[in-house]
Amino acid sequence: MSLQKEINRRRTFGIISHPDAGKTTLTEKLLLFGGAIQEAGAVKSNKIKKGATSDFMEIERQRGISVATSVLAFEYNGTKINILDTPGHKDFAEDTFRTLTAVDSVIVVIDVAKGVEEQTEKLVEVCRMRNIPIIVFVNKLDREGKDAFELLDEIEQKLNLRVTPLSFPIGMGYDFKGIYNIWEKNINLFSGDSRKNIEETIEISNLEDNELDNLVGNQAASTLREEIELTSGIYPTFSKEEYLNGALQPVFFGSALNNFGVRELLDCFVKIAPTPRPKESTIRLVKPDEPNFTGFVFKIHANMDPKHRDRLAFIKIVSGVFERNKPYLHVRNGKKMKFSSPNAFFAEKKQIVDKSYPGDIVGLHDTGNFKIGDTLTEGENLLYKGIPSFSPEHFKYINNADPMKSKQLEKGIDQLMDEGVAQLFTLELNGRKVIGTVGALQFEVIQYRLEHEYGATCRYENLNVYKACWVDINKSNHDELIEFKRIKAKFLAKDKRGQLVFFADSNFTLQMTQQKFPNVKLHFVSEFD
Ligand code: G4P
């Protein structure tokens, strides 16, 4: 098959949601449709369950699962679908942000009763910033929940989206009768026992047809007619182009658990979702159909077996064909590298592959050469942009608790940071090391992993920081910057890449600093133009 054909048949996306909205269940049903798994319950949820075990043991267990579920690939009617797993837990938000740099589109799952929740707001904001095409799936229609119009309003307002429903529920909860598919003009009736089966659809090209009354009853039929008329008055007509530009978001309703409305979602998804998209690099825009291979690392999974320093670097292929045993340039360190056993992912299995195409993810065994964001090419000196670090929320000094093991500690910290578990800062004034994390859990993870994987022990010491702000030294006023550095010397640090960072200890300090030094440019994200 030609490169272009391979590209055209690929869809690489992520499912994002607040925990418990139904991401795992929906993923599982999609895999069932693709025939990639045979029964429900096969996809393990990689969320952190409360209460059962202590948090870090739970994280270890979950790390095992998340290797298996990092990429779930399957074929559906000739389309190759790659689902990239995104942790829902807020302490792992940074992981999800990074994964979003490797997807070409997303499906957002919303619980019909809970509506738009906090984690969804944050993740959708990141997608909007990048104009990632979004489809919304409103889940759990078999339960009582919010009115469909109220929910569509909420999605528009809280997520700042412009929505248009492509399916519409007939009743809800106890009275849930089924879904009218606006996109395909047919009806699916809900029987409650469709969990294991793929439900049948009934074509209804004309809603005025009496057949509708026979199927759902007079009352529900007339409500549906009114509601569909209303939707066509209120919401914009679906346009694939607008969806692909991130300017319009189609909404589907269903119940993942009952396998209801999922086929409609999937069928529409393969028709409208984008094929692998071009990606901006430091020197130019790279198109997927270019003959030369390029790709970048968006995730590193390390030390699943503590006896071996095994790491798996996940590469998203941006252009060309990735081939086994062909030498590629690791652009950051200028080395040529060959990979004898690249892994591709099919459902939950890993498998060595000879060739992979744009949109695919390959897992490369790594002995410590890769960092998140690294680029591989066939020789061209380009680096992919777009894996920024966000300001951490929690900060602590990290100290060595065993002077005999300082080398191990250094190596451990170094590798955990390459993996993106947390961020390391070094204070300018005294060289002390500070760890910054998105969630409090990561401190436990780091301590546990340093001990179990590197034989090093650490102690933390509290540090009062409200936000880390990256200083844009190129766009800041020179004299003002010198004065800023003099006055704020105690609060300056370097991140791992050597960029200057200002630690503000409170919102008030931050505002005062910005007032006092208006021409020193501060950012909450490590990447800026
Ligand atoms: P997550 O990955 O987004 O965190 O959510 P997950 O799929 O694990 O679903 C969270 C809970 O919601 C699960 O119940 C799941 O069975 C349920 N659920 C998912 N889709 C639907 C739906 O369409 N209708 C209803 N009524 N429930 C749904 P749980 O009790 O937490 O877990 P489990 O014991 O069922 O695994």
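What you see below is based on every heavy atom in this structure, not just the backbone, and it leaves out hydrogens, waters and symmetry mates. Counting from 1, the numbers follow the sequence of the chain as shown. Just so you know, ligand 1 is whichever comes first in the structure, and atom 1 is the first atom listed for that ligand.
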For ligand 1, note which part of D142 has a heavy atom under 4.0 Å away: side chain, backbone, both or neither.
side chain
On the six-membered ring of F296, is K279 placed so that its NZ or CZ lies under 6.0 angstrom from the centre and within 45° of the ring axis?
yes
Taking 4.0 angstrom as the limit and counting only heavy atoms of K23, give me the atoms of ligand 1 inside it, by number and element.
1 (P), 2 (O), 3 (O), 5 (O), 7 (O)
Examine F269 together with F13 and report whether their ring centres are nearer than 6.0 Å.
yes
Going by distance only, is there an N or O of L141 that falls short of 3.5 Å from an N or O of ligand 1?
no
So, do F443 and Y460 have ring centers that fall under 6.0 Å from each other?
yes
Please work out whether any backbone atom (N, CA, C, O) or any side-chain heavy atom from C-beta onward of N139 is under 4.0 Å from ligand 1, and answer side chain, backbone, both or neither.
side chain
Would you say the ring centers of F168 and Y180 fall short of 6.0 Å from each other?
no
Regarding atom 6 (P) of ligand 1: of the candidates L26, T25, N258, which has the closest heavy atom?
T25
Below 3.5 Å, N or O to N or O, backbone or side chain included: is there any such pair between R143 and ligand 1?
yes
Would you say G254 has any N or O atom under 3.5 Å from an N or O of ligand 1, going by distance alone?
no
Going by ring pair (Phe, Tyr, Trp, His ring centres under 6.0 Å), name the pairs with one or both residues in residues 205-241, residues two or more places apart or in two chains.
W183-F238
Under 4.0 Å between heavy atoms, the region of S255 that gets near ligand 1 turns out to be both
For P19, the ligand 1 atoms with a heavy-atom partner under 4.0 Å come out as 4 (O)
Check this for me, if you would: do R9 and E75 make a salt bridge, where the nitrogen-to-carboxylate-oxygen distance has to be below 4.0 angstrom?
yes
Out of all atoms in ligand 1, which are within 4.0 Å of some heavy atom of S17? Include the element for each.
3 (O)
Ion pair E419/R449, N-O distance below 4.0 Å
yes
Note: ligand 1 atoms sitting under 4.0 Å from heavy atoms of D20 are 1 (P), 3 (O), 4 (O), 5 (O), 10 (C), 12 (O)
Taking only non-hydrogen atoms of A256 and a 4.0 Å limit, the atoms of ligand 1 in range are 23 (O)
Distance-only polar pair, side chains of Q415 and Y454, donor-acceptor under 3.5 Å
yes
